[in-house]
Each structure stands twice: as C-alpha cells, then as structure tokens.
Amino acid sequence: MATKEQTEAAAMAAAGDSAPLEARYTPAEIEAKWEARWETQPELYATEPRSSAKPKYYVLGMLPYPSGQLHMGHVRNYSIDDALARYMWMQGYNVLHPMGWDAFGLPAENAALKNNTPPRQWTLQNIAAMKRQMKRLGLAYDWRNEVTTCLPEYYRWNQWFFLRMYERGLAYRRKSKVNWCPQCATVLANEQVVNGCCWRHEEQIVGQRDLEQWFLRITNYAQELLDDLAKLDGWPEKVRTMQRNWIGRSEGAEVAFELEDPSDGSEDEEKARRAGTALLPAREGVKGTGKKIPVFTTRVDTIYGATSLQLAPEHPLVREMAATDPGLSDAVASLLEQQKKARDAGDVGAIEKHGVFTGHYAINPFNGERLPVWVGNYILMDYGTGAIMSVPAHDDRDCDFAKKYGLEIRIVILPRRTGEAAENGESEALLPYIAEDSLLINSGEFNSLGCVEAQHKMAAYAGEHKFGKATVTYRLKDWGISRQRYWGTPIPMLYCGACGIVPVADSDLPVILPENVEITQTGGSPLARMPEFVNAKCPKCGGKALRETDTMDTFVDSSWYFYRYTDAHNDKAPFATDTVAYWFPIDQYVGGVEHAILHLIYSRFWTKVMRDLGLVRNDEPVERLFTQGMVIRNGAKMSKSKGNVVSPDEMIARYGADATRMYSLFAAPPDRDLEWQEDGVAGVSRFLGRVWRFTTKYEERAKGEVGPSAGLSPESQALLRKLHQTIRKITEDFAGRWHFNTCIAAIMELVNALTAAEGAIGEGKVPDAVLAEILRALVLLLAPFAPYLAFELWEHLGEKSDLLRAPWPKFDEALAREEQIEIPAQINGKLRAVVKVSADADEDTLRDAALADEKIRALIAGKEIVRIIVVPRKLINIVVK
RNA sequence: GCCCGGAUGGCGGAAUCGGCAGACGCAGCGGACUUAAAAUCCGCAGACUCUAACAGGUCGUGGGGGUUCAAGUCCCCCUCCGGGCACCA
C-alpha cells in the first residue's frame, strides 16, 4: 500500500515533467544541493580567534537528550536560536553557536534491555541519526566543537570537578533517606519527584530508602543563588520567581524547648498530664532533663500562644522515646503507614493530619509553661529542625490539628484597630488569625509590641538567654548526585579497608565506565557486579580498595557543558580560563521552560563553584534566557500516548526544511504555545514558492548595480518604502521583541506588494536598480528564517559572497517614511471618515481637513462642537452635542 | 489554597506608548487559466440589520462594572483554560 508521502511524491514528480523547471520551487533539490555544499565546508560556521576585532556573541540552544529522533519541540527551539545566530553573523558579530548531546541517562539502559544493544552503541547511533536531522534542517553549527557527555574526554572532567569539590568539602557522603523509583531502580533528586511520583514515570509513586549517598553542598551557595537572581534581568520573571521559591529562604528564629523531667510532677497535674491536650502551668521546681528540642519558627512573636510541640515522625527524639514505649512505637508506625497509604493513593497534596501524644512535656523557655509533645504527620523532618511549636490560634495547620485533637487554642495577637479586634481577633470562629500587622497580648513583657518588632526583640531575648537565636532557613537542600545506575559518570572514589574513603588520584582519571556490561532488570548498579571494575588499589596505602559503583546524576553533565564548547578538545583542563572569559557569559540561551529550576539552578551553582576555584571569572553563566512555548496539536502537548505526534522528517520530506522551520516561527510568537497545523506548513511552503518564482523571474534585471533612490516613479517609491519599513520592523524585533511571526508576516506583505506591482515592473516603471536593491534585501531578510532558499536565491542574483556573512540590510528612515497618510476622523468616538493628509500635518491642518470633509460636515451640521481632539499622525475626534 | 500566564472571526494569530479591531496565514466561497484536474493567479470574506442595488446603520476582543473625547490595551470584581508551587513551620 502506498503511503501518503509516496502518493504525493509521485504527484510532484509527475508535475515536474510538465511544468517548466524554472517556474517551480523544488525545496528537495535546493536543500540537497546546499546541504551537500555545507557539508564540505565545516569551517563555514567557525568562530574567529579571540583577537578578532568583531564583538563576540554566544548563542545557545539547550542540548538535547539523544533519544534517536528530533521532535517538533527541538525543531522550534533550534529554529529560534539558529535564526538569531544567523542574524548576528550578518550583523558582523563573532558568533559561537554550538551543539552537543546530553548523552548519559536511563533510556539507554532501558533500550539495552529491550533491544539487547549496548547503551554506548545505542546512544552513538541515536546521536548520528539526530545529527543527520539537524544537518537536514540546515542548522548552523560548527560540529568541530561538538560535546558528547558520555565520552570519557568529557566525563573525566565531571570526575575532576567532583574531586575539586571533595577537597573543598563541597562533596560529601552521608546516609540519607532517598526518593526511590522502583521502575528506574534508582534514587531521584527532590527535583525529579513530581507530585510524589517519578518525573519519568508519571504513574509511579516514589518510595523511600536509606542509602549512603554523595551530595554536593549547593546550600552553601543558597544565599548567593538567591541574591544574584536580581542581576538576571535578561531572564523571564517567571523563571526567576520559580527559582526564588525553590530556594525558599525564610527568616525566623530557632528556639530550644527543654524536655521536662516529670519525676516530681505534682499530684494535681497527673490527670492533665496523661491527656496531653492542655498546658501545664509554670511553677517552681520544674526540672529539665537536659534534652533540648530546637524548633524553627518564622513567628516567634506568637510563642506565648504555643500550646504543644509537634515532632516529625522520623525525628530522632521520637525514635528514642518509642524505644522505651511500645504504645508510642506502634502509634508512630501507624502514622507512617497511614502517610504511605495516602501517598500511594495519590493523595499527596493534602494528607489528613494525624498525631499522637508522646507522654512527654517540654518547657517553653519564655514563660516556663510545659507543652505537651506530640508527633504530627504534617511535620517534615527535612525542613527546619523537624520540630515545631504549634500555635493553633495563629497558624492554619496548627489550628486544624488542635481542633481535631482538642488542644488548647490561645490568642496572643490582635489587629491594631480595636473595631477589627472585636470582629476578628476575639472570635474563635475566625481563627487562625495570621496578619503580621498586629499587636501582642498575653505575652508577658512583650505585650503591645507590633509583631515584626516583637520578632526581633524576642529573637534577641532568646539569644541573650542562650536558648535560641534569629536564623535563616532554606527550602533548598543539598544536591544528591548518587545514582545506582550504569550509564553515567563513575564517581571517582575508593573505599580502602585501611584508609577509609579515598579519592581517585587525578593522574588516574578518567575512571572509565566499562563497556562490556550486562544490564539486567534486578536493579542496583550493574557496576557492582563487575569485579574488574570494583577491585582497585588504594592510592594511599597500595592495599586493596573497592571502587564506588554509583554514577552521577546526569544534571552534572549539563551543569557545565556550555563551557566545554569553547575549548572542546582540551585534554589538560576542562577548558582554558582565558577562552571562557572571552565567550562568557552566554549572551542568549534558548530552551524549554521545563528546565527553569533543575538545569538552570545547578548550572548557576556550578559556575559559582568554578569561579571560586579560579576557573572562570563570571558569576553567572547566562546573560539572557529565552524560554520558548510548547508545540501542541489538537490542544495537547505532542506525545506518543496521545497519538498526536508530528514527525519533523515527514514535514521536511513533504514541504522542505525551510518551510518546516519557518512555520514553527510563523504560527505563534516564540514564547507562546504553538498549535501545529499541517495546512499552515503548506501555506508557508506556498509563500516560499512565490518568493522563488518572483525572484527567479526578475533575477536577470536584478543582477546589476543598486541605484540612486532619487527621482523615482511613485511605484518605485512605494516599493522602496515598503522595503525599508520591513527592514526596520525585522531589525527592531531581533533587538529584543522576537516576534518572528510578525517578522515573517511583514516579509509576506512585502512580497504581496511586489507581486501586486508586477504590472508596473513589467512596464518599466520600476528600474532595474530598484529591483536589484529590493530583491537583494528580500533575500537577506529571509536568510535567518529560510536559509536554504536564501542561499540559493543569493546565488541566482549573481552574488558570490557568503550569505551568512553578508551585511544585514540597513533601513533608511527617509525612504521608510510615508508621505501621505490616512487619518481616521471620528465624531463622538465613532469612525465617520478617513482624511488623507501629509504625514507631518500639524494639529490645525488636521482639524481643518476633518472639518472640511463632506461627510463630517453633514453629520455635525446643526450640532454644537464641544471639543476637538487632534492627535497628529493618529486621529481626529470631534465631540458634539 | 498560593503565585504566574492566557481568553480576540470557522482556525493559528495581529494591533509594540490608550487612538481605524481582525495585519499575515490557514480553511471557505466566487472567478481566471485548463478538455479536466493539480499547480498558479485575481477577487470576496466578524456578526446582525436595512436596501432592488448603491449606500448606510447597530453590535462586536470570556462576563460584569468603572476611568477617558477614545479601552482588546488602564482600574475593580467574576468565570473558564494552561503552567508552576503546594502541610516549607
């Protein structure tokens, strides 16, 4: 059965027999010709040395994972940065526009299982296939500085960086509870857990495991990563906000509550003591056990309203208490069980609050009251100290919990305005009351202070009395990079029986990832099953040592790859500092918003570490960031499961690379989602055909000199005006707005004007010199968007120069200016007439022109003119009664 | 729940600073060319209404209110769609 493409190809071939060759636009032929030519000129897209007089420009699209097939998202992404790169070349910049492969990662192992192909082979095949597709698209990359992260020449520097970080205490190992995806059979970073599920397996609930893990101390840079967001004014505000939230700085205080020694509790207290729902009042003779429970709070001002402490179920003190209390132990176990069940049910956002009283009390250091200590399932062990003071009157979550378990609720802040106090503060129905614009009550010596002032004074008080201090807590956690997988960078560490943990010596790098590996479904790292990999010699004592078998998170690879492009073949260092200093920061980075947090925050961290190592001089890697929208079809993101995927190969085969690329820029502004409509691609292809036919039809006349623009016919003047308006529009858009959809629309308008003027052109009213100017400029304007056609037509116009470095056309304001313009004339804001005036007509002229208009005169006859608003070049509005 | 986007003809979108809403393209309709079709070219095209026709009129940018001579654009309230975060103390 013939496919649709075959049928269409046959139809095209049949048409080719009859139609005159010169009249037909044949993208397949043109593109094959230029692709072959460019292939023989690898230096075409080369950068110039640092000594170049040209200003540098580093434009970069995010490197793809080599899945084997480009998808439309890639086509869109790379059409944007390619257009910009080409434009900057034509503007005379020394352009770096590289490409590479994020080549480590799980799919290669999955593919190995499925097809019995080794990960390396599978990956390199995919890279070859995708590189072919990129070349077919005509993307302007200098492949000589290609970076492939799974090759030892690259990943040895991951290892080298890891050792440098280890030396500085930035890489460390600790046992930690980790997110575990059973399908990946590996650890996931917090960032890779989406709604409690694996980011790769959206249906897979992530579990927890305790493992020894390697971490990078990104939290050392939390404050700088936050502060420097302010410098990134070339980034979308949305991305900066997401990173700000991710870092999650919050200011507050840490206060230590001492566990009470209940041994001499009074008789009267015994009943209350057992329930654990009420405070025990301060009294003489209360003793502490010496065990401190630090809590973190942003609202230390409400501490007199604290009526219980809540500990995370995993809190070490809870474990300790449970050890001697089987009842508590069971209760906590069931809390954790419930939590797990809720999570398994996919109910992650709002797990119902549960808790259990531990039987212990802790002393509020501010007032000596004893608070019942509870275990609450809503307390997170890995944020703050894993323990909180619960203030039900002034916190949503504590309020829920207290109501459920009948804990005391005590109001300690009231609105400043007493009227509101009656309405809000004193009515329990309206609790919790949270506003910080409030005054303290029931708070001892701090009464009647404002909340914010009280926060400072109380933190200082805690400091003076040595039971607390003002602190800052971040949501950002250290970056766990250990993965129990094969296809990644081996972590260059050894475990020696005698010396303990020992780093691999620099001279022994790279630790090569073995290739003859057997991948099985059993999980755990396959490397651990390879004695020839695991058994090593300790560089310290020469004794037997075991190699670390975990590999690095692939986000390590992409955290610094763009530095390597500047010096891709350096085998002495990751790159030369001077070369990086010339090219960095990246002037423009283009990619999907899905990398707003992970990749972009790790990259920023890596840059700061490299700066502190003296390797780079920039604080930030990326000056300007552009996040393009998704490609969707039938309203949904393209995905295999939805069956709405459009293959770039198919589009290119049917309409050509130029049309495919240009459509992806034309159908929507680049920052918005793009609805893929194949008819639209056909439309762009038709347009390119019109350009082709028009230009080739007049190419002989256009081959001569570009002439003077004085003394021309009105037709010529009109065409030149349109041309210079178009150049102006596109030039301005490239400077920042990037609405390439309207740029392409403007080129279409120009071509429409040209074909509409064919009569005049044929009658000789448009001299050859004018045609020469217009057609050359048209081809130059098209070059960033449809490079194949542009190169072909450039040659047709007799140009020998390389179009990529031909100077971008300059617009002439004088030629772009309209002489006569049409101004709307309104009466009471409603359009009634259009008057034609000279473009520089002043207010009086405009008013007179409008009042002289026959239609206007008729409509205002007999009415009183209240006011006339005249905006030169815009409109006239006559207000009448 | 909180924080960002967004909503404009049959469709994708345009209107950059408050000044002719619907550029450009798709789909559609009519015509030219053709034996015919494809390709190509020319023209029409927001809705409603009036008219034999020409010409006109009214409404119209998710909904409601407001500011203004003038609002897709600014302000307030609401609805829906998309994205991010989500017990972060």
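So that the names make sense, note that chain A is the first sequence line, chain B the second, and so on, each numbered from 1. Computed from a predicted structure; not experimentally measured.
The base of C69(B) sits with one of its N or O atoms less than 3.5 Å from a complementary donor or acceptor on the side chain of Asn877(A). Contact of Lys238(A) with C3(B) (side chain to base): no donor-acceptor pair of N or O atoms is detected under 3.5 Å.
Rounded to whole Å, atom P of C69(B) lies 16 Å from atom CD1 of Ile878(A). With rounding to whole Å, Ile379(A) atom CD1 is found 7 Å from A89(B) atom C1'. Atom-to-atom, CD of Glu822(A) to C1' of C20(B) comes out at 10 Å; the value is rounded to the nearest Å. In this structure, CG of Leu688(A) is placed 12 Å from C1' of G25(B), rounded to the nearest angstrom.
At a threshold of 4.0 Å, the pair Glu732(A)-Arg737(A) does not count as salt-bridged, since none of the basic side-chain nitrogens sits closer than that to a carboxylate oxygen.
Closest approach of Met389(A) to Arg299(A), counting heavy atoms only: CE-O, 3.4 Å.
Nearest nucleotide to the side chain of Arg832(A), out of U58(B), G19(B), G13(B): U58(B). Closest to the side chain of Met242(A), out of C20(B), G84(B), C3(B), is G84(B). Taking every side-chain heavy atom of Ala667(A) into account, G12(B) is the closest of A86(B), A89(B), G12(B). For Arg475(A), the side-chain atoms get nearest to C85(B) when compared with the rest of A14(B), C41(B), C85(B).
Residues Tyr378(A) and Leu831(A) each lie close to RNA chain B; by heavy-atom proximity, the contact nearer the 5' end of the strand is made by Leu831(A). Each of Ile869(A) and Thr742(A) lies near RNA chain B, and the nucleotide nearest Thr742(A) is the one positioned closer to the 5' end.
For Arg24(A) and U40(B), the shortest distance from a side-chain N or O to OP1 or OP2 is not below 4.0 Å. For A89(B), neither phosphate oxygen OP1 nor OP2 lies less than 4.0 angstrom from any side-chain nitrogen or oxygen of Thr385(A).
Rounded to whole Å, the P atom of G18(B) lies 31 Å from the corresponding atom of G83(B). When the P atom is used for both C81(B) and C87(B), the distance is 23 Å, rounded to whole Å.
Contact annotation for Asn752(A): backbone-only contact, meaning every heavy-atom pair under 4.0 Å involves sugar-phosphate atoms and none involves a base. The residue Glu732(A) sits apart from the nucleic acid: no heavy atom pair falls under 4.0 Å.
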- [ ] Represent RNA chain B in dot-bracket notation, 5' to 3'. Only Watson-Crick or G-U wobble pairs with both distances under 3.5 Å count; pseudoknot-style crossings use [ ] and interstrand partners use |.
- [x] (((((((..(((......[....))).(((((.......))))).((((......))))..(((((..]....))))))))))))....
